[in-house]
Amino acid sequence: MSDPIRFTLDGREVGAGPGETIWQVAERHGTTIPHLCYSTKARYPADGNCRACMVEIEGERVLAASCIRKPAPGMVVKSASERAQTARQMVTEMLLADQPARAASHDPNSHFWAMADLQAVSESRLPASPRPEADLSHPAMAVNLDACINCNLCIRACREIQVNDVIGMAGRGAHSKIVFDFDDPMGASTCVGCGECVQACPTGALMEAGGVGKQEVDREVHSVCPYCGVGCQITYKIKDDRILYVDGREGPANLGRLCVKGRFGFDYVSSPQRLTKPLIRRDGIAKDAIADLDPANPLTHFREATWEEALDRAAAGLRAIRDADGGKALAGFGSAKGSNEEAYLFQKLVRTGFGSNNVDHCTRLCHASSVAALMETVGSGAVSAPFNDAEKADVILVIGANPTVNHPVAASFFKNAAKRGAKLIIIDPRGTAMRRYATWMVQHRPGSDVALINSMLQVIVAEGLVDRQYVEGYTEGYAALAESLGDFTPEAMAAISGVEPETVREVARAFATAKSAIIFWGMGLSQHIHGTDNARALISLALMTGQVGRPGTGLHPLRGQNNVQGASDAGLIPMVFPDYQPVSDPAVRARFEAMWGTELDPEPGLTVVEITDAVHRGVIRGMYIMGENPAMSDPNVSHARAALAKLDHLVVQDLFLTETAAFADVVLPASAWPEKDGTVTNTNRQVQRGRKALPLPGEARQDLWIIQEMARRLGLDWHYDGPAEAFAEMRRAMPSIAGISWERLERESCVTYPCHAEDEPGEAVIFTEGFPTKSGRGRFVPTAMVPPDERPDRDFPLVLTTGRVLEHWHTGAMTRRTRVLDAVEPEAAVEISPSDLERFGIDPGDRVRVVTRRGAIELRARFDSSLPEGMIFIPFCYAEAAANILTNDALDPFGKIAEVKYCAVRLEPATAGRDAAE
């Protein structure tokens with residue numbers, strides 16, 4: 001480390017570290033210098049354009065902007081000289097001239113007014129310029145350009161941090177102003193609503209709609225975002241026990257960044273549709289009459305009950321089935337939306353209270369095939385490196401994922417890396433938004449993933465690009481893999497994948513020859529009957545080239561829900577106990593039997609889709625579902641709903657009367673994420689603390705309390721005094737988190753696992769010295785081409801794929817009850833390529849009927865130029881047009897995941913014809 005630069009600041013000698021500016025040194029030594037265009041957050045580079053931070057430097061004729069000026073040895077700086085103070089006051093007064101009066105300002109508590117107060121400037125002697133009208137076109141954000149000082153922070157937030165490139169500067173001189181796209185209203189622009197500009201704006205020119213930023217908050221609570229697997233740290237701003245707004249914190253996963261859901265998606269907690277009292281199905285109301293249910297008026301089919309009656313009824317029904325037919329007649333679905341502690345206790349309840357391993361959750365429908373392949377090849381189902389390591393990579397491969405929609409904050413790091421020069425390879429049948437930043441956008445035919453990846457492997461072998469040293473030192477099975485690739489030449493596979501051979505060669509060479517390359521994949525790769533083979537081939541790509549175990553390399557299946565990683569780690573899957581310890585291993589089972597004080601089932605349980613089939617066969621008769629919505633999320637959802645209706649007894653614990661809860665015999669009102677304490681684990685393996693910020697509404701109860709009350713009524717003597725005590729037991733059950741204590745998380749907020757001791761930082765990058773397999777080596781597994789279960793034909797000529805939209809999450813139970821998010825994307829639509837719109841005589845905006853062999857839905861058509869001919873896309877979050885009515889429940893034989901990313905469909909005119917409003 002180089003010696004500090006010694007210089008004089010306001011009469012005392014100080015030292016500057018490498019790259020530090022005068023402003024940063026002054027702040028570190030407790031000297032406050034006003035600033036406006038400079039954000040104190042290190043991720044914003046200084047711009048030096050507002051001149052509000054000027055200081056005097058001895059021997060220099062002009063003042064210097066302290067935010068960009070770096071000290072030199074022996075320099076003498078005066079931050080409080082009369083000359084510097086006068087200049088700064090004049091700058092502030094000039095800016096104040098064009099501001100609304102403080103009493104009428106958009107945000108009287110803004111940073112701008114704080115800096116004016118610091119300098120005792122309260123009014124301006126200068127004439128004001130004409131003030132533009134406010135732009136209130138966006139549901140989430142207000143644009144008040146009469147408060148804009150052209151500091152450019154919003155431009156840097158949009159262009160350099162989130163890399164959305166929506167905000168720019170237009171005009172010259174006094175006519176210069178901030179614009180969105182081509183001077184469009186914000187609500188009509190390509191703005192994605194991340195709110196980074198709002199968080200950066202120092203004046204109130206950009207702020208939350210409705211003026212909430214004007215209000216002083218009562219308190220702030222630090223927590224974690226409850227949406228996708230990125231795990232952004234947030235701060236709730238609370239007034240009168242209501243979340244006014246949310247800011248991003250400098251967490252390791254997000255560095256202060258948020259997306260539209262994480263910033264504006266929290267008023268679901270106060271939705272009038274929240275369940276606040278336990279419900280019991282009315283006598284005589286059959287479950288097959290579910291279509292008549294009005295979620296806004298649930299008492300049509302249910303009656304309110306006391307907690308005592310509801311819990312007794314819920315447990316008695318399950319207990320009766322268990323006692324009559326055994327524990328294997330029961331099953332439980334836990335939640336990846338709750339805490340680690342809830343997931344751990346829920347799976348423990350099923351295993352010890354029901355007496356079987358029939359417990360699963362949404363990972364079965366997301367990355368079960370990825371986990372199966374990872375466990376088989378590298379001995380661990382977790383990611384090998386954080387997504388932030390994209391910043392250290394020379395090549396980034398994103399396949400079968402749409403991170404700008406599903407993981408927007410992670411996507412910002414990929415875009416940052418591409419801007420600094422990393423080569424970005426996007427492989428997807430759909431042309432995702434990331435293509436703007438890609439070196440290669442490879443649109444292969446749906447269902448041809450193995451053909452394409454294997455052709456890349458064949459190139460690497462044929463051209464001698466294999467990392468022989470790595471393969472020989474850390475892997476096994478290479479010879480068999482190499483031999484299996486003979487027929488997978490790019491020329492032979494082009495007819496299957498639709499990708500030009502030279503493109504395959506370019507991409508393969510780029511990946512293999514990179515100093516560091518990292519792979520990210522999503523459900524576009526995993527949700528196929530050949531999903532495990534897809535992941536096996538990707539893993540072979542990383543092993544063959546030695547692109548694992550170092551910073552900037554690795555294997556990263558991007559997790560979908562906020563705690564799908566943690567819920568899986570905690571054992572909420574049927575074939576393993578916590579920490580992926582097999583239920584079939586006698587030594588493992590003996591250890592858990594001793595810890596839990598009971599005999600455990602030695603056979604793996606049934607998975608999500610298998611449980612549905614078992615209900616139809618009469619094998620499963622009762623279920624306890626916590627925070628899952630299989631009546632929307634399961635493939636071939638009509639089949640799943642029929643199973644729910646057939647159950648003798650169904651208990652549902654949730655926030656709302658979801659499509660699944662509507663089938664319940666007992667509904668238990670649960671706690672939302674801002675209403676509880678607990679930990680979650682993000683896609684980076686970072687365990688983070690969520691903190692209670694709000695009181696529970698009505699008679700709703702903590703999920704942890706409900707689970708324990710159910711356990712006691714099932715004969716379990718449980719007494720956990722809150723999540724900290726449950727977490728302490730998890731540490732004993734899970735060696736991977738042994739070094740992460742509740743107290744440590746209170747101090748640090750985030751610790752990465754594996755972490756074996758409290759004085760260890762945790763391992764961000766794993767597999768550095770081998771793999772947790774029996775041999776210590778990574779294993780190559782050859783793959784063959786397996787066609788999709790259902791191919792297009794004359795009757796069903798198109799391919800349907802499904803997924804998310806940016807503004808909505810999972811089945812929409814939370815986001816569809818959030819004002820901003822539902823206002824931005826209120827209606828279901830099927831996205832269709834221009835050629836298919838023309839081929840079928842459909843105009844954008846027409847209502848169409850989409851039909852598969854399993855069912856049909858009607859929704860509006862939307863033009864999407866990024867889709868290839870022959871493929872359509874439907875989001876699965878809209879109950880009124882549930883995409884999973886259409887999808888195929890055929891299973892991958894290894895991961896037991898359904899093929900929801902591929903099925904054959906046709907388009908028909910809607911039964912009602914063109915929408916009446918048209």
Side-chain angles (χ1 to χ4, degrees), residues 318 327-338 340 342-372 375 381 523 526-527 531-532 559-561 563-584 600-601 603-617 619-637 639-640 643-644 647 650-654 660 703 707 810-811 884 889 891-900:
L318 298 173
K328 293 188 177 182
L330 297 175
F333 288 168
S335 178
K337 305 181 191 71
N340 287 322
E342 293 161 358
Y344 175 81
L345 290 189
F346 188 89
Q347 62 85 32
K348 182 180 175 182
L349 179 149
V350 171
R351 290 186 158 109
T352 62
F354 291 1
S356 80
N357 292 310
N358 292 336
V359 62
D360 211 350
H361 74 297
C362 73
T363 194
R364 188 63 44 205
L365 306 173
C366 301
H367 270 300
S369 53
S370 303
V371 172
M375 294 294 292
M523 289 175 279
S526 63
Q527 290 176 329
T532 303
R559 308 300 189 182
Q561 293 200 28
N563 199 36
V564 71
Q565 182 67 61
S568 300
D569 297 339
L572 207 58
I573 41 183
M575 61 286 299
V576 292
F577 293 124
D579 246 8
Y580 307 96
Q581 301 173 75
V583 300
S584 56
L600 296 171
D601 183 2
E603 297 181 4
L606 300 178
T607 63
V608 165
V609 177
E610 290 175 328
I611 287 170
T612 297
D613 291 340
V615 174
H616 281 287
R617 298 196 310 271
V619 174
I620 299 287
R621 294 178 47 217
M623 287 189 70
Y624 177 16
I625 299 177
M626 182 188 79
E628 289 283 271
N629 192 9
M632 276 289 288
S633 62
D634 274 19
N636 189 6
V637 78
H639 181 69
L644 293 171
L647 287 168
L650 174 61
V651 180
V652 173
Q653 178 175 323
D654 216 317
T660 297
D703 289 270
I707 296 169
H810 204 232
T811 63
N884 279 318
D889 55 0
L891 295 182
D892 177 299
F894 304 99
K896 305 296 180 68
I897 193 171
E899 190 160 55
V900 296

**Message:** Checking Thr660 against Asn629: is there a side-chain donor and acceptor pair closer than 3.5 Å?
**Reply:** yes
**Fill in**
For Asp654, the side-chain contact (heavy atoms from CB on, under 4.5 Å) test, sequence neighbours excluded, returns Val652, Thr658
**Prompt:** Do Ile707 and Gln653 have side-chain heavy atoms sitting under 4.5 Å apart?
**Reply:** yes
**Fill in**
Taking every heavy atom of Ile573 against every heavy atom of Arg351, the minimum-distance pair comes out as O-NH2, 2.7 Å
**Request:** Using modelled atom types only, decide if a donor and an acceptor are shared between the side chain of Ser526 and the backbone of Cys366 within a distance under 3.5 Å.
**Result:** yes
**salt bridge (charged side-chain N to carboxylate O under 4.0 Å, His left out) contacts touching residues 605-616 (sequence neighbours left out)** = Glu610-Lys896
**Asked** Shortest non-hydrogen contact from Glu603 to Val583?
**Response** C-CG2, 4.0 Å
**Item:** Close side-chain approach of His810 and Ser633, heavy atoms under 4.5 Å
**Value:** yes
**Request:** Please work out which of the three classes, parallel, tilted or perpendicular, describes the rings of Tyr624 and Phe346, given edges at 30° and 60°.
**Result:** tilted
**Item:** Arg364 side chain vs Ala898 backbone, donor-acceptor pair below 3.5 Å
**Value:** no
**Request:** Go through Val564 and His367 one step at a time and tell me if the side-chain contact (heavy atoms from CB on, under 4.5 Å) criterion holds.
**Result:** CA-CA 9 Å; Val564 71; His367 270 300; over 6 Å; no
**Asked** Going by heavy atoms in the side chains, are Met575 and Asn357 under 4.5 Å from each other?
**Response** no
**Item:** Sub-4.5 Å side-chain heavy-atom contact between Val608 and Pro630
**Value:** no
**Asked** Does Asp889 reach the main-chain N or O of Pro635 with its side chain, forming a donor-acceptor pair under 3.5 Å?
**Response** no
**Fill in**
When every non-hydrogen atom of Gly895 is compared with those of Thr532, the smallest separation belongs to N-OG1, 3.6 Å
**Short side-chain donor-acceptor distance under 3.5 Å, Glu628 and His361** = no
**Request:** Evaluate the side-chain proximity of Leu600 to Phe577: yes if any heavy-atom separation is below 4.5 Å, no if none is.
**Result:** yes
**Prompt:** Are Pro578 and Lys348 close enough that some pair of their side-chain heavy atoms sits under 4.5 Å apart?
**Reply:** no
**Request:** Would you name the heavy atoms of Asn358 and Val350 that are closest together and state the gap between them?
**Result:** O-CG1, 3.8 Å
**Request:** Locate the shortest heavy-atom distance separating Tyr580 from Ser568; write the atom from each residue and the value.
**Result:** OH-CB, 3.3 Å
**Residue pair Ala343 / Leu572: nearest heavy atoms and the distance that separates them** = O-CD1, 3.6 Å
**Request:** State, with a plain yes or no, whether a side-chain heavy atom of Met623 is found less than 4.5 Å away from one of Ile611.
**Result:** yes
**Prompt:** When you check the side-chain N and O atoms of Asp634 and Asn884, is any donor under 3.5 Å from an acceptor?
**Reply:** no
